[in-house]
2 protein chains.
Amino acid sequence: MLTSVDPDVIRVLGDPLRLRIVTLLARETLCTTHLVEETGARQTNLSNHMKVLREAGIVETEPCGRYTYYRLKPEILTGLSEQFAELAASARAAAENKRACP
Amino acid sequence: MLTSVDPDVIRVLGDPLRLRIVTLLARETLCTTHLVEETGARQTNLSNHMKVLREAGIVETEPCGRYTYYRLKPEILTGLSEQFAELAASARAAAENKRACP
DNA sequence: CTTTCACATCATCGCTCGCTGATACCAGCG
DNA sequence: CGCTGGTATCAGCGAGCGATGATGTGAAAG
């Protein structure tokens, strides 16, 4: 048990627009055009965010002709879920574990 | 099933120092002095972060003499864990659910 | 009461990072 | 080939936010 959460992934998901993108991609696999429609953001802006999500290993790209589809990698989300569950369990166990005042 | 994650909580945890603080508090209940020692951050800086964590409902304060102890609220972490688990499940189910190119 | 120490608040600085516009790239289609 | 449309990359701007220093408050210790 490591009882910690990957700071990089959380940091990437900390941006509201990126979290929105992830939520959308959890429902269906979409390409940039769809995401532009859904979010109202500019294509450039979206492409930048997709790059961040890709480099963080949160999404995968699947070229389809001249379109680029983005698919969520569920393992990442599952990992986060487990890490937070561990943290929660640890926090519950350590509730009364007070370090003495110096 | 809402299949989304609270953006505010994630945003707050997106900061590396705050995530570190949460990780430390998952092991034991600490006061500001302890956190200063553990993280090496200045007291002012830490106090600011604790205010953010408090306002986000992630930690609770427990005054003890002139010390202030901080305790994690495990429900928040449990909620996050469940929300990410939902997202992961939804992502797995929607893997082949591609929207047609316009 | 005075001092000391833990902690919070405030104002300010500085830098990161998200947003934008311009541009380049690539794949289909005529 | 030339054109169109989808997408990525790059440079620059500007707001947001994290870090700092000065200062205030409140509680114990002397």
Side-chain angles (χ1 to χ4, degrees), chain A residues 6-25 28-72 98-102, chain B residues 6-25 28-72 98-102:
Chain A
D6 186 350
D8 296 329
V9 177
I10 296 292
R11 166 161 254 248
V12 167
L13 293 182
D15 182 78
L17 181 50
R18 283 197 289 261
L19 186 60
R20 182 118 187 278
I21 293 171
V22 168
T23 303
L24 288 171
L25 289 180
E28 47 184 346
T29 297
L30 298 170
C31 62
T32 309
T33 309
H34 295 135
L35 290 171
V36 168
E37 291 173 6
E38 295 286 340
T39 63
R42 312 261 173 176
Q43 180 266 324
T44 302
N45 187 13
L46 222 58
S47 203
N48 284 330
H49 282 301
M50 296 321 291
K51 179 178 184 177
V52 176
L53 286 171
R54 202 187 321 134
E55 289 177 344
I58 300 176
V59 301
E60 280 175 340
T61 67
E62 180 192 349
C64 173
R66 55 180 172 174
Y67 302 92
T68 304
Y69 277 93
Y70 290 95
R71 193 179 330 107
L72 267 188
K98 239 189 257 184
R99 187 188 295 191
C101 318
Chain B
D6 186 349
D8 294 329
V9 177
I10 297 293
R11 166 160 254 248
V12 167
L13 293 183
D15 182 78
L17 181 51
R18 283 197 289 260
L19 186 58
R20 181 116 186 281
I21 293 170
V22 167
T23 304
L24 288 171
L25 289 180
E28 48 184 346
T29 297
L30 298 170
C31 62
T32 310
T33 309
H34 294 136
L35 290 171
V36 168
E37 292 173 5
E38 295 285 339
T39 62
R42 312 261 172 176
Q43 180 265 326
T44 301
N45 188 13
L46 222 60
S47 201
N48 284 330
H49 282 299
M50 296 321 291
K51 180 178 184 178
V52 175
L53 286 171
R54 203 187 320 135
E55 288 177 346
I58 300 176
V59 301
E60 281 175 340
T61 67
E62 180 193 349
C64 173
R66 53 179 173 176
Y67 301 93
T68 304
Y69 277 93
Y70 289 95
R71 194 180 331 107
L72 267 187
K98 239 189 257 182
R99 187 187 295 193
C101 320

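Because only heavy atoms are used, hydrogens play no part in the values below, and waters and symmetry mates are left out as well, while side chains stay in. Residue numbers start from 1 in every chain, and the chains themselves are labelled A, B, ... in the order their sequence lines are given, proteins ahead of strands.
Counting heavy atoms from C-beta outward, A/E38 and B/R99 have side chains that approach closer than 4.5 Å. For the pair A/T33/A/E37, a side-chain contact is recorded, criterion being any heavy-atom separation below 4.5 Å from C-beta on. Side-chain contact check for B/T61 versus B/M50: every heavy-atom pair is 4.5 Å or farther apart. Using a 4.5 Å cut-off on side-chain heavy atoms (C-beta onward), B/R54 and B/Y70 make contact. For the pair B/I21 and B/V59, the minimum side-chain heavy-atom distance is 4.5 Å or more. In this structure the side chain of B/T68 never reaches within 4.5 angstrom of the side chain of B/E62, judged on heavy atoms. In this structure, A/P7 and B/L19 have side chains that are in contact, with non-hydrogen atoms separated by less than 4.5 Å.
Contacts between residues 53-62 of chain B and DNA chain C, counted as heavy-atom distances below 4.0 Å, involve B/R54.
Between the CG atom in A/L13 and the OG1 atom in A/T23 there is a gap of 9.0 Å [rounded to 0.5 Å].
For A/K51, taking side-chain heavy atoms from C-beta onward, the closest of the listed nucleotides D/dA8, D/dG6, D/dT9 is D/dT9.
Counting any heavy atom pair closer than 4.0 Å across all strands shown, B/S47 reaches a base atom.
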Quiz item: Going 5' to 3' along nucleotides 20-30 of chain C, which nucleotides have protein heavy atoms under 4.0 Å from the base (write B), which only from the sugar-phosphate (write S), and which from neither (write -)?
Solution: BBB----SS--

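A distance-only check finds a donor-acceptor pair linking the side chain of A/R18 to the backbone of A/V12 [under 3.5 Å]. Remark: side-chain polar atoms of A/H34 are paired, donor with acceptor, to backbone N or O of B/A100 under 3.5 angstrom.
Residue A/H49 places at least one side-chain N or O under 4.0 Å from the OP1 or OP2 atom of C/dC19.
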Pick out the pairs of N or O atoms, protein on one side and nucleotides 15-17 of chain D on the other, that lie under 3.5 Å.
from, atom 1, to, atom 2, distance (Å)
D/dC17, OP1, B/R11, NH1, 2.2

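If you measure from atom OH of B/Y70 to atom P of C/dC7, you get 8 Å, rounded to the nearest angstrom. Nucleotide C/dG18 holds its P atom 12 Å from the CG atom of A/L13, rounded to whole Å. Atom CE in B/M50 sits about 17 Å away from atom P in C/dA6, given to the nearest Å.
Closest approach of A/D15 and A/L17 over heavy atoms only: OD2-N, 3.1 Å.
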